[in-house]
Amino acid sequence: MKRNSRTTAPKFVAKIAASPIAQLILVPLLCLCPVSATAQHPNAGPDATNRTLDSGWQFRSLATPKPSQKVDWQSAVVPGVVQTDLLRHKLIPEPFYGDDDTHLQWIGLSDWEYHTTFTPTSHELTQAHQEFHFEGLDTFADIILNGETLLQTDNMFRTWRIPIQGKLHPGPNELRIVFHSPVTKMIPIVKAKAIQLPTVGQVQRVSEENIATDPYVRKSPYHYGWDWGPRYVTEGIWKPAHLETWSGAQILDTHIQQRHVDSASADLDAQLEVESSKLERAIVRVQYRPLDRPSATPILALQMPVSLSAGSNMLSLPFSIRKPKLWFPTGYGAQSRYLFTFTLSTNSGTVLYRELRTGLRSIELRRQSDQWGKSFTFVVNGIPIFAKGAAVIPFDSFPTRVTAARHREILQAAHDSNMNMVRAWGGGYYESDDFYELCDSLGLMVWQDFMFGGAFVPGDEAFQKSVEQEAIDNVTRLRDHPSIVIWCGNNETEYFLGGWNKRQREKNKIPQDDRERVTHDYSMLFDGILKRVILEKATPVPYWASSPSSGYDLPTDANRNGDAHYWDVWHGTAPVSDYLKQTPRFMSEFGFISFPNLETIRSFIPPDQMQFNSPIMEDHQKSEGGNEKVQMYLARDYGEARDFASFVYLSQVQQAEAIKVGAEQLRRSRPRTMGSLFWQLNDCWPTISWSSIDFFGRWKALQFYARRFYAPVLVSPLRHDGKLDIYAVSDLQQPKSLTLNLRLMSVEGNEIARRTQQVELPPLSSHILLTLDEKELLGTHDPRTLFYTMELSESQVSVASNLAFLVPMKQLALTNPNLHAEWLQAPGKLQLRLTASALARNVQVSFGEDAAELSNNFVDVLPGQPLVLNVTSTTSPEVLRSHMKLTSLVDALKSSP
Ligand code: BMA
């Protein structure tokens, strides 16, 4: 894994201009608005209450870098962050437009205060237990109730419960939360440290004294800037806040531990954490029913007397389900789940009730010695699964703006593109419950990183304890999601640790003598604390200390053992064909940058900057030299683009073709390689990045390609040493008999040679169907004018198809394909029929600003072989027709006919 430097880019330094906040509007001080009415606490008895503190909030700035940036009291939205509050009041410009990100750094360098009042009911005031429950505070927050500081927080990923008995009074109570800038607060603290750890994010060298504070703070690493995202250091109440009251007892947590699961029986353990006010006896009852059958009569799993002591009680109650309906990853079976209900009735009459949904499945990360080293295979319900997917990054620079609908759109696209795994990458945040709920229901397995994006970690006890609690909070929240099949300690830190020499700049910062210390601190956390939390709380889900890693069997990123990140192609500028040399045991990262669609580019750039390397385009490219690299690869492999629109199109074709080479190589290499996760599925702002779907949900060419190269049955060519091997890869669990049809054609449509044969595809396999000698096939024909087309079909219906070329794209003798689109209007359906007189490569159908869903795009149209696409849109067919644009490779290249 070679990389060009992509860190600590001092991009923001010169650009921080005075903010327009000088002329801020003053609003009346603190209105005593009502907060939402109380609701019954969902996990406690009938007396319990749960009041969400989501209204009446106001915010203002405290310390700002410049007096002109002062903000006086304004209304605030909770949950939210200060940037989104400022934006709502139009106190800052659109943060994703132009290079606004460079002018808005002052927000994260300021301190902010949030304030509300609430009036407790007499019922709330008389309950035995009263507490604040903050699901998430970003990050350094002083929580002040009626003038008294209750707690100072320091970890964005933790949840906080604060007992407040005796601190509430009748009438309005005042809750203030003061947020300290995680940057300015930490600078003096980090300066005083013996070892200063380097950052992966961006440091503003002048205003931040060149001090990297992010490794010391438990806050989303990407907020400090990443090579695909702007730096927005957020602050605020980013998750819901509650006032909860109860008397008697309450259930704090429930869990169904899956001790052993197979199709005959599921041996489970119902676990409850109960807090009780006093010593008393109770009855626990657990029932279950299939989640998708609300009318089914619940089955009693167990009913048992228990003794509760005053304080916290951990209950663990074993039971079994015979012949359970199992949860499978998509493509391997149904996503069956159960709804479990827990009822706890105490002798003194409190009845507590709680629900939990989960799917039952066995999960194993199989690492067995074999002829290639050691395997790295996810085995679910006994089936070795080839993982197909991509990495998921945060869906917005401001996490509180992300809706469940947005998650659904992107995850559904992943599912519909034949992916079965997403990697929730470690530089973001632990996703919201709806994200995992969607993955469960779609059958998308989740590779879950802990939130460490690549930085080294401090070793002080307070930091490591804080991470431990963060892990407990999040693992207990997420452990009943069957989709989570692995917990991974961090992204790339082990790799950087093992390679001091590769991080020349950082190496100088950590003297030789201190490296042992840094390595020790790393090991304490990733081989100790986090591993233990998973073992204790999430067994049987496996733990893996880092990605990439070989589990210390070999150096990190070894192809023979563990998972790999391969970046010689792209970061190392190696030719795309180098993907063909890769056979890691599991590829957890490889990627290639492209530009997003023109409509997306227009959203962030003025028309006069529509060039690949204009200043604004460079600001929206956070990987140093990234735009130039797109250009360099294009010049190398395709040639010069006709204009900027062609450049954008070509960049997407190039990305899709590159990842196709990599993904097909990995799939052909099964069972040696058992995973292909490309970098990256989505974006957190409109940008130029490795994503396959852009910030607005627009698919790039790669997403359409993914649906094809990740299809359950793949036919895939490999040319080498004068031979052409035709592979078939099958993720199906049953054998399949198909017809293979291979043709050698001229780009004008003449058939030069043809082979047809019956083939058998064994289940879960990759093998060569046919090997041909190219010299024999070709005869005297000019290879620049030829291509292979191959298809697997069942009763004349195509199951998989692919093309192969004998020369690089740049040398292909493409002619004008006379591409033609005809609209077909079947009842209730809109279809496009594409025809070409010669091979039309990478045909993109677009409708400009009009949103339309196409059943396929970026397709090859073969001469004499029309292709029909389904079009779904709310726009009228007439408008679509008039805005339709067809682009094929010849249209985009300057050198074409
Ligand atoms: C991977 C990720 C990120 C990064 C990407 C592209 O290694 O882990 O750190 O954004 O590479 O450089």
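What's counted below: heavy atoms across the whole structure, side chains too, no hydrogens, waters or symmetry copies. As the structure lists them, so they are numbered: ligands from 1, and atoms in each ligand from 1.
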Whether [X] and [Y] hold their rings parallel, tilted or perpendicular, with breakpoints at 30° and 60°:
{"X": "His571", "Y": "Trp690", "answer": "tilted"}
{"X": "Phe526", "Y": "Tyr522", "answer": "tilted"}
{"X": "Tyr232", "Y": "Phe96", "answer": "tilted"}
{"X": "Phe450", "Y": "Trp487", "answer": "tilted"}

So is Lys629 actually on top of Trp570's ring, under 6.0 Å and inside 45° of the axis? yes
Hey, which atoms in ligand 1 end up nearer than 4.0 Å to a heavy atom of [X]?
{"X": "Glu589", "answer": "1 (C), 2 (C), 7 (O), 8 (O), 11 (O)"}
{"X": "His571", "answer": "6 (C), 12 (O)"}
{"X": "Trp226", "answer": "3 (C), 4 (C), 9 (O), 10 (O)"}
{"X": "Asn491", "answer": "8 (O), 9 (O)"}

N/O separation below 3.5 Å, Arg423 to ligand 1: no
Taking N or O atoms only and a 3.5 Å limit, does Trp690 qualify as a polar contact for ligand 1? no
Out of curiosity, is Trp567 lining ligand 1, as in a heavy atom under 4.0 Å away? yes
N-O pairing of Glu208 and Arg231 below 4.0 Å: yes
